[in-house]
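Any value given below was found using the heavy atoms of this structure, including those in side chains, with hydrogens, waters and symmetry copies removed.
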Amino acid sequence: MHRIIRLSTLAGLGLAAGASLAAEGFQVRYNIAGSLGGEVFAPPEQTGLAGGIALTDIDIDKVTGHDGKRLTSGIAGGTVPLPAPTPAALYPSYAANTATIDGRGRFKLYNLAFGYVTNERYAGGRVILGINVPYGVKTQTFGVSAATPALQFNPAIPAATQAAVQAQFGAGYQAALAAQAAAETGRTSGLGDVELQAGWLYVQDALRVLAGASLVLPTGRYEAAAGPDIGFGNFYTLRPAVQVGYLFTPDLAGAVKLTLGFNTKNRDNDLRSGNWVGAEGALAYKTPIGALGLHTVWVRQVQDDSANPWGASRLSSSNAGVFFTTKIPVVDAALTVQWMKTFDSRNAKSGTFTQVRAVKVF
């Protein structure tokens, strides 16, 4: 759902409209399912090698435009050539129109992550190094719908001819819309965009502070042609972040996280998605069987896209959900199940995000 929509010329009709979708396909390189969970209760002295696996199921039910409603795109008006020897001055014309874009899809993302926490302390904290390797399976359906505009005829054209041309024009107009929907519909799978991570972890009594950054590489499958992609595009994203967690009581904890996203230009199409900021919050209560909590994710572009035919196209996404974290005794690992739903968005994919992840320190 992130290609140029072009209504091709069919049956001799000058039907055309071009509108590139947002630079990153109405999404940013950020885990909308959330990264905060019951791990805020984790013991403070865990060091050494750590590994994690995660499955994220993303169900997109719509793509929103500037107004928060289903995305729309303009279709240019034009004229319809008539058979010779009809002069061009008698060609019928049709007005500009607006098409509604119905983008839906399912994305299953599998992540394998490894990290290392140093035994040594630096400025009172420990250094963390990590890598996150994703593999995805994406299916998307794409619809473009618009009413066929009425042709404006010169009175000199016979009524029977007008009716025939209008019928042919309507068939071609709708066929062009259907062709665009079919081009964007499909299924793909493959390696996603790999992340390299580094951070500094400070733990003291009830306080946990994690500061660091990740660099997202354009390793995911991405093509300029229409259809779904696993990768976001041929560009890099630097994400500095800081996370603070606090245990108010032994059974009640909260955490907040602030992330910035800095994008380079996509070398395949010269688009550059505007930089963005993301914020998360979580509140967890420890029960006898695990930690149960509420969390929220908020993401906003703070800079306009550049070289994007949609214009500024600033993304915004507000989401809220629940999570549960428990311990798997057999393997001594933390298991988190979390669910998130979009309740407001602009120029963004909207839907539900479910994630199951397990983390173990060796």
Side-chain angles (χ1 to χ4, degrees), residues 1-23 25-26 61-104 140-185 224-227 269 271 304-316 345-350:
M1 291 174 278
H2 54 286
R3 295 288 176 255
I4 297 178
I5 301 172
R6 299 191 186 280
L7 303 180
S8 56
T9 301
L10 295 177
L13 307 180
L15 185 62
S20 169
L21 302 191
F26 293 98
D61 54 31
K62 66 178 177 180
V63 180
T64 56
H66 297 293
D67 57 359
K69 299 178 181 179
R70 204 171 293 277
L71 186 67
T72 60
S73 176
I75 305 175
T79 59
V80 179
L82 297 179
T86 306
L90 297 182
Y91 289 173
S93 63
Y94 56 94
N97 201 2
T98 300
T100 299
I101 300 171
D102 184 16
R104 301 171 184 266
Q140 71 180 32
T141 59
F142 195 87
V144 183
S145 60
T148 302
L151 293 176
Q152 305 300 314
F153 288 92
N154 188 293
I157 304 297
T161 301
Q162 292 186 25
V165 172
Q166 179 67 60
Q168 183 185 29
F169 171 76
Y173 197 94
Q174 293 302 321
L177 296 176
Q180 292 306 306
E184 292 290 349
T185 298
N269 54 20
L271 287 176
D304 293 347
D305 290 347
S306 61
N308 187 350
W310 282 96
S313 193
R314 291 198 184 191
L315 175 148
S316 70
S345 67
R346 301 288 188 277
N347 299 304
K349 293 180 178 179
S350 175

(message) Between Lys62 and Asp102, does any NZ, NE, NH1 or NH2 come within less than 4.0 Å of an OD or OE carboxylate oxygen?
(response) no

Return the [atom1] to [atom2] distance between [X] and [Y], rounded to the nearest 0.5 Å.
{"X": "Asp305", "Y": "Asn347", "atom1": "CG", "atom2": "CG", "answer": "8.5 Å"}
{"X": "Arg70", "Y": "Thr100", "atom1": "CZ", "atom2": "OG1", "answer": "8.5 Å"}
{"X": "Ser313", "Y": "Arg346", "atom1": "OG", "atom2": "CZ", "answer": "13.0 Å"}

Please report the shortest heavy-atom distance between [X] and [Y], naming the atom on each side.
{"X": "Asn97", "Y": "Ala147", "result": "ND2-O, 2.6 Å"}
{"X": "Ala76", "Y": "Tyr94", "result": "O-CE1, 3.7 Å"}
{"X": "Ala99", "Y": "Ala146", "result": "CA-CB, 3.8 Å"}

Would you call [X] and [Y] a side-chain contact if the rule is heavy atoms closer than 4.5 Å?
{"X": "Val63", "Y": "Ile101", "answer": "no"}
{"X": "Val80", "Y": "Leu151", "answer": "yes"}
{"X": "Thr185", "Y": "Gln140", "answer": "no"}
{"X": "Ile75", "Y": "Thr98", "answer": "no"}

Who passes side chain to side chain contact (heavy atoms under 4.5 Å, CB included) against [X], sequence neighbours left out?
{"X": "Ala183", "answer": "Ala226"}
{"X": "Ser345", "answer": "Thr64, Thr342, Ala348, Ser350"}
{"X": "Ser93", "answer": "Thr79, Gln152"}
{"X": "Thr148", "answer": "Gln166, Phe169, Tyr173, Gln174"}

(message) Can you list everything that forms a salt bridge (charged side-chain N to carboxylate O under 4.0 Å, His left out) with Asp61? Sequence neighbours excluded, please.
(response) none

Atom pairs and distances, side-chain donor-acceptor, residues 153-163, under 3.5 Å, sequence neighbours left out:
| residue | atom | partner | partner atom | Å |
| --- | --- | --- | --- | --- |
| Asn154 | OD1 | Ala156 | N | 2.8 |
| Gln162 | NE2 | Ile157 | O | 2.8 |

